[in-house]
Amino acid sequence: MERIELFFDSWEFFRDAALGSGIAGALLGALGVYILLGRLVFMSVTTAQVSSAGVALSFWLPALTGTAAVAHEHAGHVHCNVAEHAESPVISALLSPAVFSILFTISVMALANVAMRRSRSPEAVLAVLYLSGAAATVLIGTQIVHEIQDVQQLLIGNAVLVAHEDFIGLGVISALMLAMFSFGHRGFEAAAFWPQTASVAGIPVGVLNMVRLIALTVAIAYTTRVMGALPVFAFSCLPALAARAFSPNLRVMFFAALGIGACAGMLGYLAAFVFDLPVGPVQTGVALVFVFISVFISSAIKRIKEEEAIS
Amino acid sequence: MREVCLKCMQLTFGHTAALTSPLDWEVKPGEFWAVSGPNGCGKTTLMRTVLGFLDPVSGTFERTESCAYVAQLADELLDAPARVSDVIRIGLDRRRTWFLPFYRYRKRASVDEVLSAFELEALKDRAFQEISPGERQRVLMAQAAVSAPELIVLDEAASAMDPLHASKSYEKMAEAVVACGTAVVAITHHLDAVGDAATHVLRFDQGKITQIAVKKGAK
């Protein structure tokens with residue numbers, strides 16, 4: 001109780017991180033519906049891994065290119081303050097960790113998409129990418145000795161605080177994407193799960209599927225930069241899995257996964273503070289608890305209904 | 001309402017080379033065509049060509065934009081959670097109407113009408129994944145009919161049904177939409193199943209296609 005009181009007494013200090021966790025959980029939970037049902041789980045973990053490599057690369061590139069980068073620690077969160085020191089504002093913007101990791105991830109995943117369409121084994125392309133991303137992150141880590149511990153903390157999801165500009169960015173991206181998927185859910189559903197029917201009806205299936213994949217890539221890349229790879233992968237699969245157990249249709253599943261993701265993000269952050277544990281693994285654990293509870297309750301209800309039908 | 005829903009002019013089709021001799025074919029409103037022939041003769045390839053999934057080898061075709069399609073039942077349809085009524089609602093959206101959060105009342109009413117026409121009221125709230133394959137095909141037929149398009153293409157849409165239910169479903173399709181001027185083209189291996197519903201037959205046989213009017217008054 002004491003720790004909980006302390007948490008809310010220091011709300012100003014933890015607000016951005018706690019709410020940011022909830023927002024990221026809501027965004028990834030809702031989009032996770034398309035990841036889970038579209039059989040893109042392996043793609044999700046690969047995107048997070050590529051994004052991790054992008055984050056590590058964004059810390060290494062300034063040193064490599066000779067750009068005067070100043071990495072400074074700010075309350076446990078790492079910022080590479082390139083913008084203030086780079087000669088060209090365009091280069092400085094492109095080299096900022098957030099922008100760089102998103103552009104890097106989108107470019108790599110776009111190339112992967114082309115390769116997957118041409119390959120007889122699309123999963124092999126993802127396997128190559130995943131392993132390349134994992135190896136690159138470790139290898140680049142050896143080149144950025146001073147920052148690697150903070151980068152690793154960030155990627156595992158142990159960052160205690162979220163910078164205010166990241167929180168604002170997360171809020172804007174989440175609001176835009178959730179609005180787009182809420183209003184256009186019928187189109188995205190038809191394009192994703194009924195492509196032939198939708199195509200004959202004149203619905204722009206190709207455009208909608210491309211928008212969906214870009215949105216998933218941007219969401220995973222940005223949240224990996226802010227939250228870390230582990231909770232991002234957990235939020236992009238587990239809330240949807242929990243919602244799938246009891247949702248009668250895709251619309252209910254979308255909003256249920258959104259709510260479960262938001263709760264897992266915020267409760268996980270609170271639990272990590274109360275029990276003094278790393279944030280990312282605790283958020284993953286809380287999301288898993290939601291899965292077990294919803295699977296248990298929905299199978300119990302199903303059994304009761306079956307028994308009622310028999311009697 | 002158009003005078004012709006589908007018109008093929010010297011059309012040949014196939015994945016690499018033409019599978020049949022050139023086809024001249026017109027499907028008019030209110031006609032119910034049964035397309036029949038052995039496996040691999042090109043029935044599905046013809047339909048995929050006129051629906052725009054494949055390019056023709058030669059010749060041209062014109063098709064109404066108001067069209068619905070029932071593909072052979074695929075397992076991936078079972079991944080997304082959906083009630084029977086949700087699956088039918090998928091058929092309501094055309095072109096840009098999907099970017100509206102709610103359906104208009106008239107559209108919602110047409111779901112109830114088609115549920116009634118295809119005798120699916122009892123299954124309305126059941127999960128699509130939990131009903132039998134034959135019932136699923138009946139639901140997909142209702143999905144195609146719900147927006148009252150000018151042309152409906154059915155690709156072995158009754159293959160999982162027993163002959164009695166297949167025949168009944170085709171008759172219901174004829175009653176529900178053909179009477180309103182919709183044209184139906186149904187690929188089937190069993191002409192008997194189409195029963196009295198068909199007004200015409202397009203028969204594929206060793207690279208040749210013959211067209212037969214099977215009902216009095218049909219031209």
Side-chain angles (χ1 to χ4, degrees), chain A residues 32-41 178-209 211-212 240-257 294-295 298 301-302 305-306 309, chain B residues 44 47-48 50-53 63-103 107 124-130 140-141 143-144 146-147 149-155 157:
Chain A
V33 166
Y34 291 96
I35 292 171
L36 191 74
L37 298 178
R39 301 177 187 179
L40 299 172
V41 171
L178 290 176
M180 181 174 77
F181 277 90
S182 300
F183 275 90
H185 79 97
R186 279 159 39 196
F188 286 111
E189 179 181 354
F193 306 112
W194 302 84
Q196 292 186 332
T197 306
S199 177
V200 171
I203 294 171
V205 171
V207 173
L208 286 170
N209 281 339
V211 168
R212 180 168 54 90
L241 192 59
R244 176 72 180 88
F246 60 83
S247 300
N249 61 23
L250 203 77
R251 191 171 170 77
V252 173
M253 186 178 167
F254 180 87
F255 287 107
S294 72
V295 168
S298 64
I301 291 171
K302 202 175 175 185
K305 278 184 181 174
E306 279 171 2
Chain B
T44 298
M47 290 309 136
R48 291 183 66 77
V50 297
L51 291 170
F53 297 130
R63 170 176 67 79
T64 171
E65 283 187 359
S66 172
C67 183
Y69 174 51
V70 177
Q72 292 178 37
L73 194 58
D75 287 343
E76 56 261 33
L77 294 179
L78 305 176
D79 280 353
R83 292 169 299 200
V84 164
S85 54
D86 298 316
V87 171
I88 293 175
R89 273 191 205 110
I90 294 282
L92 285 173
D93 283 316
R94 315 204 69 78
R95 301 185 71 79
R96 289 182 204 89
T97 61
W98 55 269
F99 205 78
L100 295 168
F102 301 105
Y103 294 103
K107 282 193 166 186
K124 185 181 173 182
D125 293 320
R126 291 273 304 278
F128 184 67
Q129 292 82 354
E130 288 173 7
L140 294 179
M141 281 195 187
Q143 183 199 61
V146 72
S147 64
E150 291 178 4
L151 174 66
I152 295 175
V153 177
L154 308 171
D155 189 353

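Proteins come first, then strands; the chains are lettered A, B, ... in the order of their sequence lines, and each starts at number 1.
Listed options B:G91, B:C67, B:S147, B:G52 were ranked by heavy-atom pairs under 4.5 angstrom with chain A; first place goes to B:C67. Among the candidates A:S247, A:G202, A:A201, A:G184, the residue making the largest number of heavy-atom pairs closer than 4.5 Å to chain B is A:A201.
Take B:R48 and apply the salt bridge (Lys or Arg N to Asp or Glu O under 4.0 Å) test, not counting sequence neighbours, and it matches no residue. When the salt bridge (Lys or Arg N to Asp or Glu O under 4.0 Å) test is applied to B:K124, the partners found at least two apart in sequence or on another chain are B:D112.
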Steps toward side chain to side chain contact (heavy atoms under 4.5 Å, CB included) verdict (A:S199, B:F53): CA-CA 9 Å; A:S199 177; B:F53 297 130; 3.7 Å; yes

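The contact between B:A68 and chain A is made entirely by backbone atoms, counting heavy-atom distances below 4.5 Å. Looking at A:L208, the atoms closer than 4.5 Å to chain B (heavy atoms on both sides) all sit in the side chain, from C-beta outward.
Of the residues listed (A:N249, A:L250, A:V33), the one engaging B:P81 in a side chain to side chain contact (heavy atoms under 4.5 Å, CB included) is A:L250, and it is the only one.
Atom CZ of A:R251 and atom CZ of B:R89 lie 10.5 Å apart (nearest 0.5 Å). Here the CG atom belonging to B:D86 is positioned 7.5 Å from the CD atom belonging to A:E189, to the nearest 0.5 angstrom.
When all heavy atoms of B:Y69 and A:T197 are compared, the pair lying nearest together is O-OG1, 3.9 Å.
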